[in-house]
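See below for the structure under consideration.
Both ligands and their constituent atoms are indexed starting at 1 by order of listing.
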Amino acid sequence: MTVIKDSTCTFCGCVCDDIDVTVENNRIVEAKRACVLGKAWFLNHHADDRASCLIEGSPAPVEEGVERAARILTEARYPIVYGLSDTTSEAQRVAVGIADWIGGIVDTTTSVCHGPSGMAFQGVGEVTCSLGEIANRGDLIIFWGGNPAESHPRHFTKYSLMPKGLFVPNGRKDRTAVGIDVRNTKTAKAMDLFFQIKPRRDFEALWTLRALAKGLTLDAAQVKEDTGIELSRWEDLMKRMKAARFGVILFGMGLTMTRGKHLNSEALLSLARDMNAFTRFVVKPMRGHGNVTGADNVVSWTTGYPFGVNLTRGYPRFNPGEYTTADTLARGEADAALIIASDPMANFSQAARERLQSIPYIALDPKDTPTTRAATVTFTTATYGINVAGTVYRMDDVPIYLRPAFPSSHPSDFDVLSAISRRVQELAH
Ligand code: SF4
């Protein structure tokens, strides 16, 4: 029996790095301090005897898979590299390099979750901070369009509501928690104030707050009609926001994936910026997958843009909607794909799925999924965090190094992608 102290859970964007993992016979039998989702992530993982490589469904040596993959990618005219949110940043970096060598597109699952926020960051920037600052300073915490009580179960206790911090010594008692959402969720029940706004009216609610921050006079009936909430309640919230010493807005896909999309994100980021005329205020998206923040970081520091980057002309171009994977597939443009640690066959539109099924593509994933089952070349890879070391970025852009529990018989994403990259470079010359 071995105990790995301070192991890291990569199931959600909290990336908790304080989990004590007990391993017996290559199986995790205990994950101390993990939440219910984290426990399932660790305890359901076990060694398997699947082949590490399949070519058209038949087992093959990994080297043969690498050769076939490199040929598919170099012979394509409009290849795409997609996924990347559930692997190490070391592997993400190699994948971006492959997209560059083959003159293709690199896109991540951000394009189907916080893509609108990625666009808004490019436009108005982000007043940001670490989760440690929130734990130590945050005295007014606003959750907008998310349900962390169920999606990120340790967020409240570790970072945002309960911790006793340097400037909030009484923990929860020193904080005011505010929920703004169209649904009355489990998160709403944990709040001091809850604003159940009209569906698809986030933009109007945000601009109501922006107007109040500037001291403008608003028509009470119009505000109620637009947002579903009385003007007096918005005024009370703005008073609290101005009086806070360290205000925080944490937002989820309820804001970014509703009517308004990137304009909602822009309004929210602008509101946080406006509030800094009165007090310190920050804003952060609640990110889902374990290393989706790493994907944004790596693609940004290699190409200058966070996702949906076209490298076909030898320099990066960013145009969500044109270069994002769901669109290049649905329009029938992509003619080969490298899919890493994601499952577009399970969640893309029918047109996109049909196109993916009709072109040669390579899939890397520790799990057996609809995407790996339909791939021309499938690599079963080792699981990051459990079998593989490397770096992941927490949702606040803080990089954390992984401590794996036990080795796997499968290669890592990094190993497979590095081999494909080497072969692609030989073929491209
Ligand atoms: S909150 Fe997220 S990272 Fe932390 S233990 Fe739970 S699932 Fe894992």
Side-chain angles (χ1 to χ4, degrees), residues 3-23 27-46 84-89 92 109-110 113-114 130-135 138 141 143 145-163 165 171-172 177 179 185-187 189-190 248 250-254 284-297 341-343 366-367 382-406:
V3 178
I4 292 100
K5 290 213 163 285
D6 295 333
S7 190
T8 301
C9 174
T10 51
F11 186 76
C12 86
C14 285
V15 188
C16 298
D17 57 351
D18 59 349
I19 315 291
D20 292 348
V21 163
T22 307
V23 183
R27 194 171 187 121
I28 295 170
V29 292
E30 197 191 339
K32 207 163 147 193
R33 285 187 284 277
C35 71
V36 56
L37 300 178
K39 276 199 178 15
W41 165 250
F42 281 112
L43 271 54
N44 290 337
H45 184 87
H46 44 83
L84 296 170
S85 55
D86 271 322
T87 189
T88 61
S89 289
Q92 291 164 344
T109 57
T110 288
C113 61
H114 267 285
S130 70
L131 291 174
E133 282 178 274
I134 297 174
I141 319 285
F143 295 93
N147 183 15
E150 287 179 299
S151 59
H152 300 78
R154 293 187 78 206
H155 203 281
F156 289 170
T157 49
K158 222 165 127 54
Y159 305 117
S160 52
L161 287 190
M162 313 313 271
R172 181 68 180 87
T185 60
K186 208 170 156 193
T187 295
K189 294 181 182 46
V248 180
L250 299 161
F251 64 106
M253 282 167 56
K284 289 297 298 173
M286 298 285 294
R287 304 309 303 274
H289 293 285
N291 199 22
V292 69
T293 307
D296 288 359
N297 274 273
S342 71
D343 192 9
K367 301 183 296 291
T383 304
Y384 78 135
I386 292 181
N387 310 123
V388 178
T391 311
V392 300
Y393 284 68
R394 206 168 59 187
M395 65 164 79
D396 56 348
D397 302 292
V398 171
I400 291 173
Y401 200 69
L402 303 174
R403 293 185 181 153
F406 59 91

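Within the coordination shell of atom 4 (Fe) of ligand 1, defined by N, O or S atoms under 2.8 Å, Cys16 is present.
Within a 6.0 Å radius of NZ in Lys5, no more than 12 heavy atoms belonging to other residues, nucleotides or ligands are found.
Nearest protein heavy-atom contact of atom 8 (Fe) of ligand 1 is Cys9 SG, 2.3 Å.
Residue contacts with ligand 1, taken as heavy atom pairs separated by less than 4.0 Å, do not involve Thr10 at all.
Residues Val392 and Asn291 share a closest heavy-atom pair of CA-OD1, 3.3 Å.
Each of the following atoms of ligand 1 lies closer than 4.0 Å to a heavy atom of Arg154: 1 (S), 4 (Fe), 5 (S).
Asp397 and Thr293 are not linked by any side-chain donor-acceptor pair at a separation below 3.5 angstrom, with hydrogens and angles left out of the test.
Partner Tyr384 forms a side chain to side chain donor-acceptor pair (under 3.5 Å) with one of Thr391, Asp86, Thr87 and no other, that one being Asp86.
Ring geometry for Trp41 versus Phe11: interplanar angle of 30 to 60°, hence tilted.
Taking only non-hydrogen atoms, the option from Gly290, Cys12, Cys35 nearest to atom 6 (Fe) of ligand 1 is Cys35.
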